[in-house]
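Only one structure is covered here, and it is reproduced in the block below.
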Amino acid sequence: MSWLGSIQYHGRQWGNRTLDRHLRVGVTGLSGAGKTAFITSLVHQLTQGDQAQHLPFFSVLQQGRYLGGRLAQNQPMAIPRFPYEQNLQYLAGQPPQWPPSTTGWSQLNLTLRYRPTGAIRSRLQQHSELQLEIIDYPGEWLLDLPMLQQSYQQWSAFCWQLFRQPHRLTLSQPFAELLQATDLNDVSELQLQRLTDSYRQLLLSFSLQAGCYLQQPGRLLVPGELAGAPMLQLLPLLPEQLEQTSALASRLSQHYQTYCDYVIKPFYRQHFSALDRQVVLVDGLAALNAGYAAVRELQQALGLIMQSFRYGPTSLLHRLFKPQISKVLFAASKADHVTPEQHKALTLLLQQLLRQPIKQSQYASAKSEAMALAAIRASKSGFVEHQGQRQAVLSGRDLHTATTQTLFPGEVPAELPTAELFARHQFQFPAFLPTDNNPEQPLPHVRMDHALEFLLGDKLL
């Protein structure tokens, strides 16, 4: 896009914000929570799935006022575009597959057209338009935001406090021994890269073997366009190694500050400090499968993330000069991995995980709602007779074997389980592949109409 085109684009954006016809929605959550599926479904429902019987709780559609949505043609060429069409190809494949997870930030712009309800506006114009911007980025990057409030020394102490937790201790011991044997005055390229590679492998082991969520720096796991940048040679030295001045500590402290200044701060300013609405996706079922420590760490990670966002009611001046998040949707994703009567308990568990962030958003007068949903339903629910009793079950294709399974996944605890419960019971909620769907039909879902109504309903009047 030329400089003139960029000026025109931002001018239109400014005008639409003045008229309250521009909305910027961030979709956030930790890796694996279902952000890619959620955005793909959201766009599909607005552009192709706009049938009253398919979205019964989306009021503008039920009232016959929704005229349709289309992908905007004027998205700046310098902004990475969310791969919506490619995602649909994965879902329509034979066999269907989930689209790849997010590996970098992206955006997709839509224009939604509707008939206004106001008497004056409906007389003056046949239709109104809402410009919708949807922002997506890797969940790992969310966890970098709290680093802005820490020095390198504080961050290192925080990391090793985590690493010495029982579920991390065994995995972290080899890395601790490596650091103990390291020459703190050696700042050669080979030394820095060797330590960085070992630290990255440790973070991967935490995720894959211990079900950990709180991993920093996030760009070390998902570097995006920063792959190979020297500032990503970043790792926490042992607290006792920071008690003395050394060349290695000085170099890593410099890398830490550069990372905060040139990666975290610009990313926060350009994308997330300007959000109007926010979706926070949480895969609580995966945490339950991973155990007590994973559930507690998920709760801690979500709390740290949510501290970095501004909440509050919007006004014209706020929309133009200092946007604040006026609505927050907390969504327990993958609700189709449990039977329908467990959805209430899944929502209550989500509220327990997010108890403090929800209080913060309510205190700042932001509207919030928690719900269990499935952006793209991958199972069918039904009943079977078992020992003379009617038992709720799910049927779907197993993610790992691709075989069709019919099972009762188990009950979801309505509150945070204790360590004692985990000692007695192992949760084993399934993971499913997407189902075969007619490409001419809208994507199946659970409560995406509720999500659309909460996020967009008041802007389509």
Side-chain angles (χ1 to χ4, degrees), residues 22-29 33-52 54-62 66-72 75 79-92 98-102 105-114 129-139 271-272 275-283 325 327-336 369-378 434 437 439 441-460:
H22 178 273
L23 197 64
R24 191 174 174 88
V25 177
V27 180
T28 63
K35 298 181 301 298
T36 299
F38 181 88
I39 295 175
T40 300
S41 178
L42 182 75
V43 174
H44 194 269
Q45 309 304 337
L46 290 171
T47 58
Q48 300 179 48
D50 49 353
Q51 303 171 13
H54 183 67
L55 300 169
F57 290 95
F58 193 27
S59 60
V60 66
L61 193 58
Q62 291 301 310
Y66 190 63
L67 303 178
R70 60 178 174 81
L71 300 177
Q75 182 166 320
I79 296 178
R81 187 177 185 275
F82 180 80
Y84 169 67
E85 294 84 359
Q86 293 90 329
N87 292 347
L88 290 180
Q89 285 187 328
Y90 279 99
L91 294 169
W98 292 115
S101 298
T102 298
W105 84 273
S106 64
Q107 178 175 318
L108 198 61
N109 296 356
L110 283 77
T111 300
L112 310 182
R113 185 171 291 185
Y114 62 98
E129 290 185 348
L130 176 69
Q131 305 301 320
L132 178 63
E133 292 184 7
I134 304 171
I135 313 299
D136 172 47
Y137 73 109
H271 306 301
F272 292 94
L275 292 178
D276 302 305
R277 305 275 162 98
Q278 180 176 318
V279 179
V280 180
L281 294 166
V282 180
D283 184 2
I325 295 169
K327 280 190 173 185
V328 190
L329 174 62
F330 299 102
S333 59
K334 305 178 184 178
D336 56 332
E369 186 166 329
M371 67 176 68
L373 58 77
I376 302 172
R377 194 180 70 239
N437 295 304
Q441 296 297 318
L443 290 173
H445 67 87
V446 178
R447 295 190 188 87
M448 282 299 289
D449 50 342
H450 291 259
L452 287 169
E453 179 65 19
F454 178 75
L455 292 169
L456 305 177
D458 61 327
K459 295 293 183 180
L460 298 175

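Just the heavy atoms: all of them, side chains too, but no hydrogens, waters or symmetry mates, feed the values below.
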- Item | Ionic contact status for Asp276 with Lys459, cut-off 4.0 Å |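 Salt bridge: no.
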- Using a strict cut-off of less than 4.0 Å between a Lys/Arg side-chain nitrogen and an Asp/Glu carboxylate oxygen, indicate whether Lys334 and Asp283 qualify as a salt bridge.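 Salt bridge: yes.
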Heavy-atom side-chain proximity of [X] to [Y] below 4.5 angstrom:
{"X": "Met448", "Y": "Leu42", "answer": "yes"}
{"X": "Asp136", "Y": "Phe38", "answer": "no"}
{"X": "Leu456", "Y": "Arg277", "answer": "no"}
{"X": "Thr36", "Y": "Pro100", "answer": "no"}
{"X": "His450", "Y": "Leu373", "answer": "no"}
{"X": "Phe82", "Y": "Asn87", "answer": "yes"}
{"X": "Glu369", "Y": "Lys327", "answer": "no"}

Contact summary for [X] and [Y], nearest pair of heavy atoms:
{"X": "Val27", "Y": "Lys35", "answer": "O-CD, 3.8 Å"}
{"X": "Ser41", "Y": "Leu443", "answer": "CA-CD1, 4.2 Å"}
{"X": "Asp336", "Y": "Ala378", "answer": "OD2-N, 2.6 Å"}
{"X": "Leu130", "Y": "His22", "answer": "CD1-N, 3.8 Å"}
{"X": "Tyr84", "Y": "Thr40", "answer": "CE1-O, 3.5 Å"}

- Query: Are His54 and Gln441 linked by a side-chain donor-acceptor pair shorter than 3.5 Å?
  - Reply: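 On atom types as modelled, these side chains do not qualify, holding no pair under 3.5 Å.
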- Residues at least two apart in sequence or cross-chain that pass side-chain contact (heavy atoms from CB on, under 4.5 Å) with Tyr66, listed by chain then number, are Leu46, Asp50, Val60, Leu61, Leu112
- Task: Would you please name every residue forming a side-chain contact (heavy atoms from CB on, under 4.5 Å) with Arg81, sequence neighbours left out?
- Result: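 With neighbours one apart ignored, the set is Leu71, Gln75, Glu85, Leu108.
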Residues which pass ring-ring contact (aromatic ring centres under 6.0 Å, His included) with [X], listed by chain and number, not counting sequence neighbours:
{"X": "His44", "value": "none"}
{"X": "Tyr90", "value": "none"}
{"X": "Trp105", "value": "His271"}

- Rounded distance (nearest 0.5 Å) linking atom CD1 of Ile39 with atom CD1 of Ile134: 6.5 Å
- To the nearest 0.5 Å, tell me how far Met371 CE sits from Leu329 CG.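 If I round to the nearest 0.5 Å, the distance is 5.0 Å.
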- Return the set of residues passing side chain to side chain donor-acceptor pair (under 3.5 Å) with Arg70 (not counting sequence neighbours), or none when no residue passes.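 Side chain to side chain donor-acceptor pair (under 3.5 Å) check on Arg70 returns nothing, list empty.
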- Donor-acceptor pair, Glu453 side chain versus Ser59 backbone, under 3.5 Å?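 Yes, the answer is positive, given that a donor and an acceptor are paired below the 3.5 Å cut-off.
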- Take Asn437 and Leu91, measure what side-chain contact (heavy atoms from CB on, under 4.5 Å) needs, and give me the verdict at the end. CA-CA 8 Å; Asn437 295 304; Leu91 294 169; 5.9 Å; no
